[in-house]
Structures are given as C-alpha cells and as structure tokens.
Number of protein chains: 2
Amino acid sequence: METVGQIIRTKRETLGLLLRQVAAHLDIDQAILSKIERNERKPTKTHITKLAEILKLDKDELMVQFMSDKIAYEIADEDCANRVLKVAEKKVKYLQSHLIKTKL
Amino acid sequence: METVGQIIRTKRETLGLLLRQVAAHLDIDQAILSKIERNERKPTKTHITKLAEILKLDKDELMVQFMSDKIAYEIADEDCANRVLKVAEKKVKYLQSHLIKTKL
DNA sequence: TTACATTTGACACTTATTGTCAAGTAAATT
DNA sequence: AATTTACTTGACAATAAGTGTCAAATGTAA
C-alpha cells in the first residue's frame with residue numbers, strides 16, 4: 001500500500017531530480033518536500049497539482065491517492081470505519097445528484 | 001438524507017429539552033448548539049459523545065453520521081469521489097490489519 | 001577536507017476552529 | 001402592551017492547526 005509520499009519520492013528519483021529542484025517548482029522550501037515524501041507533513045492540493053506536472057504523474061490519480069490517504073488516516077482508528085465509508089458513499093451520491101454544480 | 005444537526009434537533013425536541021440544557025451538558029454556549037443543529041457549525045467528536053449521552057442516541061451510529069457527513073462534504077465536489085472512497089477502503093483495511101492498536 | 005543532498009527542529013506567520021457575549025427575533029403569557 | 005422565554009445572529013476573542021522559512025546537523029561521495 002503506497003503512500004503519496006512514497007509515490008513522489010520514487011518518481012522524483014527515477015527522474016533524477018533533486019528536492020531543491022522540485023521544491024522550487026512548488027515554490028516551497030525543500031525541507032517541506034522532504035517531509036512530505038517521508039509522510040511527516042501532508043501536501044496541499046496545490047502541491048499535488050504541481051507535483052503531478054513536474055513529475056509527469058497523472059494528476060487525477062495522484063489526487064485520488066492524496067485524498068484517500070487523508071480519509072483513511074482520519075478514520076482508520078475507528079472500528080466503524082467501514083460503515084462510515086458506506087454511508088459517506090450514499091451521501092456523496094445524494095449530494096452529487098441534488099447539488100447545483102457551481103464549477104467553472 | 002438526514003444531517004447530524006437534524007437528528008439532534010429532532011431528538012432534543014422529542015425529549016422536550018431546551019438548547020440551554022443540552023448545551024450545559026456539553027459545556028458550551030447554547031449559541032453553538034443552535035448553530036450545530038442548523039448545520040451552521042460542525043460538532044466535534046467530544047460534542048457527539050456528549051450529545052449521544054444526553055439525547056439517548058446510539059453513540060456509534062451518531063459518530064458514523066458525523067464522520068460520513070464530514071467526508072461526504074469534503075469530497076462531493078470531486079468527480080473522482082467514488083474512486084477516492086474505494087481506495088480509502090483499501091487503505092483502511094491495510095492500516096487496521098498492520099497497525100499496532102494503541103487504544104486503551 | 002570539501003562539496004553536495006537531505007533531514008531535523010526551532011520558530012514565525014497565517015488560517016481555521018472553537019468558543020463567549022450581547023443584542024435581536026419571535027411567540028406565548030400576564 | 002409589557003414581560004418572559006426560547007432561540008438566533010453576528011461581532012469578536014482565544015486557541016489550535018496548517019503552512020512556511022531558516023540554519024544547523026547528518027550522511028555520503030569525491
């Protein structure tokens with residue numbers, strides 16, 4: 001089970017890029033990127049978008065990994081975690097069909 | 001599709017309790033509880049626990065509603081919402097089987 | 001040693017969360 | 001009509017969480 005951090009580090013090394021270089025593209029200190037790769041800090045959505053760009057990763061897929069990481073992390077300690085996901089699924093369906101989409 | 005706020009308000013009124021009384025049990029100002037019931041503010045886990053107590057609601061069930069609300073709200077605007085939930089399910093399974101449970 | 005990449009931790013800045021308080025509605029009693 | 005009671009609203013304060021910088025420490029290779 002790969003974390004977003006692991007995906008990023010692996011791909012960065014494959015491409016032979018330095019923390020410094022990737023961090024510059026994200027416009028952050030390399031210290032943060034180092035921590036993100038080691039799951040010591042969570043990336044933001046902006047980070048994810050820019051990481052997908054420079055690391056030539058699929059943006060949607062990386063976003064899915066990012067968000068599922070976040071959700072899994074916040075409910076994994078609950079015994080009702082699975083039920084939470086099931087109910088959340090229903091609610092998402094409901095929201096998506098009833099919501100007036102206000103996207104661009 | 002009932003929100004946590006609706007569940008709480010309905011039950012509170014059924015029991016004939018006042019905002020003031022329930023809020024006192026949660027040790028917060030009734031203004032917050034009023035907002036929680038109208039989904040203008042989100043409750044905390046502590047609120048949920050104490051609400052289940054005083055309103056004689058099933059704690060786990062209320063917690064499920066609370067957490068699924070939160071998750072649904074934070075991903076409903078993504079088209080990949082369903083995939084996120086599927087991947088999160090896998091990650092939760094992984095975490096729960098590999099995690100050293102540090103609960104009491 | 002020097003040079004370079006990464007890691008670490010202390011700290012600062014910003015934004016979100018959680019709360020109080022007092023004034024405002026609204027509906028029921030006196 | 002004036003009071004009382006329950007609830008709502010919005011301005012604000014306190015605190016917690018998130019996001020970042022910087023410089024020193026560590027590791028590794030030339």
Side-chain angles (χ1 to χ4, degrees), chain A residues 2-55 62-63 65-78, chain B residues 2-55 62-63 65-78:
Chain A
E2 223 177 359
T3 65
V4 172
Q6 291 170 318
I7 293 171
I8 293 166
R9 167 143 302 184
T10 303
K11 194 65 191 292
R12 179 175 63 79
E13 289 175 342
T14 300
L15 295 177
L17 293 169
L18 301 178
L19 278 180
R20 166 162 42 85
Q21 299 174 305
V22 175
H25 187 258
L26 306 203
D27 198 28
I28 55 171
D29 194 283
Q30 63 173 12
I32 297 180
L33 184 55
S34 168
K35 285 168 188 168
I36 288 173
E37 288 188 345
R38 287 169 301 104
N39 302 306
E40 203 185 301
R41 284 257 186 129
K42 280 181 203 162
T44 65
K45 284 195 180 185
T46 306
H47 293 156
I48 293 297
T49 301
K50 293 188 175 170
L51 282 166
E53 278 169 23
I54 195 171
L55 297 180
L62 199 58
M63 198 64 85
Q65 291 300 328
F66 162 65
M67 293 195 295
S68 59
D69 258 25
K70 205 152 78 97
I71 290 173
Y73 177 82
E74 86 187 27
I75 67 171
D77 63 319
E78 307 280 340
Chain B
E2 222 178 0
T3 65
V4 172
Q6 291 170 318
I7 294 170
I8 292 166
R9 169 145 299 186
T10 303
K11 194 64 192 290
R12 179 175 64 79
E13 289 174 343
T14 300
L15 295 177
L17 293 170
L18 303 177
L19 277 181
R20 164 162 44 85
Q21 300 173 305
V22 175
H25 187 258
L26 307 205
D27 197 28
I28 55 171
D29 194 285
Q30 65 172 9
I32 296 180
L33 184 55
S34 167
K35 286 168 187 169
I36 288 173
E37 289 188 344
R38 288 169 300 105
N39 301 307
E40 202 185 302
R41 283 254 186 133
K42 278 181 203 163
T44 64
K45 285 195 181 184
T46 306
H47 293 156
I48 293 296
T49 300
K50 292 187 176 169
L51 282 166
E53 278 169 23
I54 195 172
L55 297 179
L62 199 59
M63 197 63 85
Q65 291 300 328
F66 162 66
M67 292 196 295
S68 59
D69 258 24
K70 205 152 78 97
I71 289 173
Y73 178 82
E74 84 186 30
I75 67 170
D77 65 319
E78 307 278 342

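Atoms considered below: every heavy atom in the structure, side chains included; atoms not considered: hydrogens, waters and symmetry mates. Sequence lines set the chain letters: A, B, ... in the order given, protein chains first and strands last, and positions in each chain run from 1. Quick caveat, the model's predicted, so the values are computed rather than measured.
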B/Glu53 meets the salt bridge (Lys or Arg N to Asp or Glu O under 4.0 Å) criterion, sequence neighbours left out, with none
Run the salt-bridge test on B/Arg9 and B/Glu2 with the 4.0 Å N-O cut-off and return the result as yes or no. no
Minimum heavy-atom distance A/Leu19-A/Ser34, with the two atoms named: CD1-CB, 3.8 Å
Main chain of A/Leu17, side chain of A/Arg12: is a donor-acceptor contact present, judged purely on distance under 3.5 Å? yes
Once each nucleotide of nucleotides 24-30 of chain C is scored for protein heavy atoms under 4.0 Å, what B/S/- sequence comes out, 5' to 3'? -------
N-O pairing of B/Glu78 and A/Lys45 below 4.0 Å: yes
Check A/Pro43 against A/Val4 and note the closest heavy-atom contact, atom names and distance. CG-CG1, 4.5 Å
Under 3.5 Å, is there a donor-acceptor pair between the side chain of A/Glu13 and the main chain of A/Thr10? no
Under a 4.5 Å cut-off applied to non-hydrogen side-chain atoms, are B/Gln21 and B/Leu18 in contact? yes
For each nucleotide in nucleotides 2-21 of chain C, reading 5' to 3', give B when a protein heavy atom comes within less than 4.0 Å of its base, S when such contact involves only the sugar-phosphate, and - otherwise. ---SBBBB--------BBBB
Using whole Å, what does the distance between atom P of nucleotide D/dA17 and atom NZ of B/Lys45 come to? 13 Å
